2 protein chains.
Amino acid sequence: MSPRPDRPHIGQVAQLAGVSATTVSHALNGRRPVSEATRRRIMEAIDQLGYRPNVVARGLRAGRTMTIGLVIPDITNPFYPLLARGLQDVLGPAGYDEIITNTNGDRELERIALDKMISRQVDAVAFAVFDTHAADLQPVIDAGIPAVRLGGRQAQPGVDLLHTDDEGAAAEATGYLIERGYRRIGFLSGPAAHGPAAERIMGYQAALRAAGLKADPNLVAQTEFSREGGAEAMTRLLKLRDRPQAVFCANDMMAIGALDVARQRGLEVPGQLAVMGFDDIEAASLVSPQLTTMANPAREIGRACARLLLDRVSGAESGPGREIVIPARLIRRESA
Amino acid sequence: MSPRPDRPHIGQVAQLAGVSATTVSHALNGRRPVSEATRRRIMEAIDQLGYRPNVVARGLRAGRTMTIGLVIPDITNPFYPLLARGLQDVLGPAGYDEIITNTNGDRELERIALDKMISRQVDAVAFAVFDTHAADLQPVIDAGIPAVRLGGRQAQPGVDLLHTDDEGAAAEATGYLIERGYRRIGFLSGPAAHGPAAERIMGYQAALRAAGLKADPNLVAQTEFSREGGAEAMTRLLKLRDRPQAVFCANDMMAIGALDVARQRGLEVPGQLAVMGFDDIEAASLVSPQLTTMANPAREIGRACARLLLDRVSGAESGPGREIVIPARLIRRESA
DNA sequence: ATGAAAGCGCTAACAC
DNA sequence: GTGTTAGCGCTTTCAT
């Protein structure tokens with residue numbers, strides 16, 4: 001029934017080499033000694049036939065597929081390619097491949113994607129979804145699949161958590177602005193319900209307090225995570241009688257929107273208005289003035305995630321759900 | 001030996017529903033009729049046990065894994081996430097998942113990646129690698145796996161080819177500049193040996209000829225595919241006694257480099273120097289002035305690729321290796 | 001150092 | 001409409 005031109009299988013190799021399939025298997029996997037002569041004959045047979053072990057059969061038999069699943073909202077969002085690459089940096093050399101699924105942040109699609117990962121018998125799952133309800137993950141946990149959540153908040157028993165140090169990063173950015181002499185510092189936040197908004201506000205306020213500055217609530221503007229959102233919020237803040245000398249933005253696109261407004265009003269950056277972003281997307285160094293920002297270490301997160309996964313896959317089964325926090329890095333450029 | 005907390009399998013569902021595994025299988029796959037009552041009992045059993053079919057076992061048995069492999073240089077290069085997403089747009093609804101491997105353009109890694117795709121029994125492969133030697137693909141073809149090559153040049157028997165219409169796009173861009181009144185039009189090309197350089201030069205020259213303009217070879221500058229490369233080449237062209245009024249660049253990063261030089265020399269864009277790019281990366285609309293460019297339809301290519309793959313997977317086995325060309329789209333913005 | 005045989009979970013003949 | 005049986009390609013006892 002197999003509709004493919006029958007590829008050589010282990011039995012053919014065995015036959016050609018004059019040994020049993022068992023011995024071929026062991027020659028390949030090194031789980032028990034095989035005489036040098038036999039091994040050589042086997043290798044020759046493999047070359048001659050162009051044999052490649054069937055990973056699917058191996059996966060069925062062994063109960064591990066050497067595959068890990070990555071569930072993300074959208075690979076097109078520049079954060080995720082870096083994340084995926086970081087994972088592969090570590091997973092690839094360890095012999096694992098990744099299956100990537102995009103969910104658009106849609107809960108039903110997330111549920112389906114996670115289900116599919118179970119069906120596919122992946123050895124571990126990493127998923128990056130802000131709003132995932134814990135219940136949606138339960139099947140994965142029940143299936144005994146190690147899971148790492150990227151960037152959410154509440155940890156869940158059996159699920160490791162990995163995220164950027166949003167609070168610390170916001171504090172560092174704000175501190176940097178203070179250090180440069182700015183006193184009235186605004187914050188362009190994303191929608192409160194989404195992502196790491198709360199942590200960043202906390203960091204921002206903490207830095208202000210630490211410097212003996214008061215945190216004026218009027219200086220915090222909530223808006224969308226987009227260029228237009230940033231422009232809109234910046235416009236609002238500039239209308240204040242006591243307007244900010246500097247703004248820290250929850251992401252680079254918003255910061256670019258703020259820059260748009262500054263240019264349009266003829267405000268000199270950073271002279272009359274300093275702007276900081278968050279993420280360090282490629283565009284940050286492309287705009288003029290180049291954006292001072294906090295680098296969201298996506299690739300590093302991917303690597304750390306892979307290490308965690310590898311750890312869980314090989315032994316560290318239980319454990320109470322670790323939480324790992326990756327620091328962001330200040331990138332000094334021109335806008336602040 | 002299976003180290004996972006044994007997940008329910010089809011036999012357990014069958015037992016709980018009081019039928020045979022066969023019937024459960026058919027209830028799930030609809031390949032033969034199952035009575036309504038039986039089906040209901042089966043579905044209840046499935047729910048109760050939290051059963052999910054084991055795709056690995058299914059793959060082994062059926063000879064198809066519902067997986068396709070994507071081999072690319074680097075998911076971090078903004079072209080490829082779009083490509084991957086385009087593939088998933090079409091493949092996802094058809095029930096396929098993607099395994100993505102990055103090769104950094106390294107030939108040995110490419111060979112290994114392709115090998116692994118065979119081992120994993122993927123149902124089809126898409127690979128985007130300029131320099132792949134045909135021999136490296138032969139094993140894939142021999143294994144009977146449909147393959148699509150993205151963006152290379154010479155077609156190969158058994159391998160479909162899919163790429164942007166580089167020549168047409170270059171002609172359209174050049175034509176657009178001519179139409180806007182520019183007469184001395186330069187071309188910032190990538191390294192001759194790499195990628196679609198030749199095609200683009202041909203399109204550029206063809207458009208010039210079609211307008212009765214002569215193609216001055218001094219106006220073609222070869223350089224790297226980077227911002228710095230673009231700046232360097234632009235600088236060279238501006239040193240000409242008879243310098244160009246407009247330049248078409250082989251990619252957006254180069255065009256941004258050209259823009260840098262223009263700003264630095266105080267040249268008004270597009271008044272004193274018009275600039276066009278290629279690709280329409282996100283940054284193109286972020287720089288100032290916004291870049292007029294040709295949109296390289298990565299996502300559309302991904303979708304077309306998926307359709308081709310699906311076609312090959314289900315029947316259209318042989319065929320002499322098709323070639324599909326996707327047009328680029330002119331994006332009018334401010335720089336030309 | 002090597003083999004024989006069982007079985008991972010599923011689907012597809014071939015019954016009835 | 002449903003069940004029995006064999007087998008996909010591999011690894012792993014259990015033998016020798």
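Throughout, a chain's letter reflects where its sequence line sits, starting with A, and its residues are numbered from 1. Predicted model, so just to flag it, every value in this text is computed and none were measured.
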Enquirer: Scan side-chain atoms only and decide if T67(B) and D97(B) contain a donor-acceptor pair under the 3.5 Å cut-off.
Expert: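 The criterion, which ignores hydrogens and geometry beyond distance, is not satisfied for D97(B) and T67(B).
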Enquirer: Within this structure, what is the CZ-to-P distance between R7(B) and dC8(C), rounded to whole angstrom?
Expert: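 Value for this atom pair: 15 Å.
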Enquirer: How many whole angstroms separate atom NE2 of H26(A) from atom P of dC10(D)?
Expert: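 Spelled out: NE2 on H26(A) to P on dC10(D) is 14 Å.
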Enquirer: In whole angstrom, give the distance that lies between atom CZ of R58(A) and atom C1' of dT12(D).
Expert: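 Rounded to the whole Å, the gap is 14 Å.
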Enquirer: Return the nearest nucleotide to the side chain of N54(B); candidates are dG9(C), dT2(D), dC10(D).
Expert: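 Closest nucleotide to the N54(B) side chain: dG9(C).
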Enquirer: Calculate the interatomic distance between R40(B) atom CZ and dG1(D) atom C1'; express it in whole Å.
Expert: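 These atoms are roughly 16 Å apart.
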Enquirer: Rounded to the nearest angstrom, tell me the gap between atom CD1 in I10(A) and atom C1' in dT2(C).
Expert: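 Going from I10(A) (CD1) to dT2(C) (C1'), I get 14 Å.
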Enquirer: Looking at dT11(C), I'd like to know if its phosphate oxygens (OP1 or OP2) sit under 4.0 Å from a side-chain N or O belonging to N29(B).
Expert: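 Answer is yes, contact under 4.0 Å.
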Enquirer: D123(B): which residues meet the side-chain hydrogen bond (donor to acceptor under 3.5 Å, both in side chains) condition with it, sequence neighbours left out?
Expert: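 Partners of D123(B) under the side-chain hydrogen bond (donor to acceptor under 3.5 Å, both in side chains) test: none.
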Enquirer: Y51(A) or V19(B): which one's nearest nucleotide on DNA chain D is closer to the 5' end?
Expert: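 Counting from the 5' end, the first nearest nucleotide belongs to V19(B).
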Enquirer: With sequence neighbours left out, what residues match S25(A) under side-chain contact (heavy atoms from CB on, under 4.5 Å)?
Expert: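 Partners of S25(A) by the side-chain contact (heavy atoms from CB on, under 4.5 Å) criterion, ordered by chain and then number, come out as I10(A), N29(A).
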Enquirer: Apply side-chain contact (heavy atoms from CB on, under 4.5 Å) to H163(B) and list each qualifying residue two or more places apart in sequence or on a separate chain.
Expert: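 With sequence neighbours excluded, H163(B) shows a side-chain contact (heavy atoms from CB on, under 4.5 Å) to L161(B), E323(B), V325(B), given in chain and number order.
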Enquirer: Could you work out which one of dT12(D), dA12(C), dC10(D) sits closest to the side chain of A57(A)?
Expert: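 Taking heavy atoms from C-beta onward, the closest nucleotide is dC10(D).
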Enquirer: Nearest-Å distance, CZ (R64(B)) to C1' (dT11(C))?
Expert: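 In whole Å, dT11(C) C1' lies 13 Å from R64(B) CZ.
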Enquirer: Below 3.5 Å between N/O atoms, which protein atoms pair up with nucleotides 4-6 of chain D? Just atom names and distances, please.
Expert:
{"residue": "dT4(D)", "atom": "O4", "partner": "T22(B)", "partner atom": "OG1", "Å": "2.8"}

Enquirer: I want to verify a distance call: between dC8(C), dA12(C), dC10(C), whose nearest atom is closest to the L60(A) side chain?
Expert: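 In terms of side-chain proximity for L60(A), the closest of dC8(C), dA12(C), dC10(C) is dC8(C).
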Enquirer: Applying side-chain contact (heavy atoms from CB on, under 4.5 Å), can you list everything that pairs with V55(A), at least two apart in sequence or on another chain?
Expert: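 Listed in chain order: S119(B), R120(B).
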Enquirer: Would you mind reading off the distance between H9(A) atom NE2 and dG7(D) atom P, rounded to a whole angstrom?
Expert: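 Rounded to whole Å, this separation is 13 Å.
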Enquirer: Over how many whole Å does the gap from M66(A) atom CE to dT11(D) atom P extend?
Expert: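 Result: 12 Å.
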Enquirer: Ignoring backbone atoms, test whether S35(A) places a side-chain nitrogen or oxygen under 4.0 Å from the OP1 or OP2 oxygen of dT2(C).
Expert: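 Indeed, a polar side-chain atom of S35(A) lies that close.
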Enquirer: With side chains defined as the heavy atoms from C-beta onward, is the minimum distance between E98(B) and L87(B) less than 4.5 Å?
Expert: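 Yes, their side chains come closer than 4.5 Å.
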Enquirer: Mapping R41(A) and L28(B) onto DNA chain C by nearest heavy atom, which one lands closer to the 5' end?
Expert: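 Going by which nucleotide is closer to the 5' end, it is R41(A).
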Enquirer: Which pairs count as salt bridge (Lys or Arg N to Asp or Glu O under 4.0 Å) when at least one residue sits in residues 73-84 of chain B, sequence neighbours excluded?
Expert: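 As it turns out, the salt bridge (Lys or Arg N to Asp or Glu O under 4.0 Å) pairs with a partner in residues 73-84 of chain B, which skip direct neighbours, are R85(A)-D74(B).
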Enquirer: Checking Q138(A) now: which residues fulfil side-chain contact (heavy atoms from CB on, under 4.5 Å) with it, not counting sequence neighbours?
Expert: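 Partners of Q138(A) by the side-chain contact (heavy atoms from CB on, under 4.5 Å) criterion, ordered by chain and then number, come out as I141(A), D142(A), Q156(A).
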Enquirer: Let me confirm one number: the CG-CG distance from L162(B) to L308(B), rounded to the nearest 0.5 Å.
Expert: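 With rounding to 0.5 Å, CG (L162(B)) is 6.5 Å from CG (L308(B)).
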Enquirer: Using five pairs at each end of the helix from dA1(C)-dT16(D) to dC16(C)-dG1(D) to define an axis, what is the angle between those two axes, to 10°?
Expert: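 Axis angle across the helix from dA1(C)-dT16(D) to dC16(C)-dG1(D), nearest 10°: 30°.
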Enquirer: Could you give all pairs that pass the side-chain hydrogen bond (donor to acceptor under 3.5 Å, both in side chains) test and reach residues 43-52 of chain B, with sequence neighbours left out?
Expert: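 Passing the test, one end in residues 43-52 of chain B: D115(A)-R52(B).
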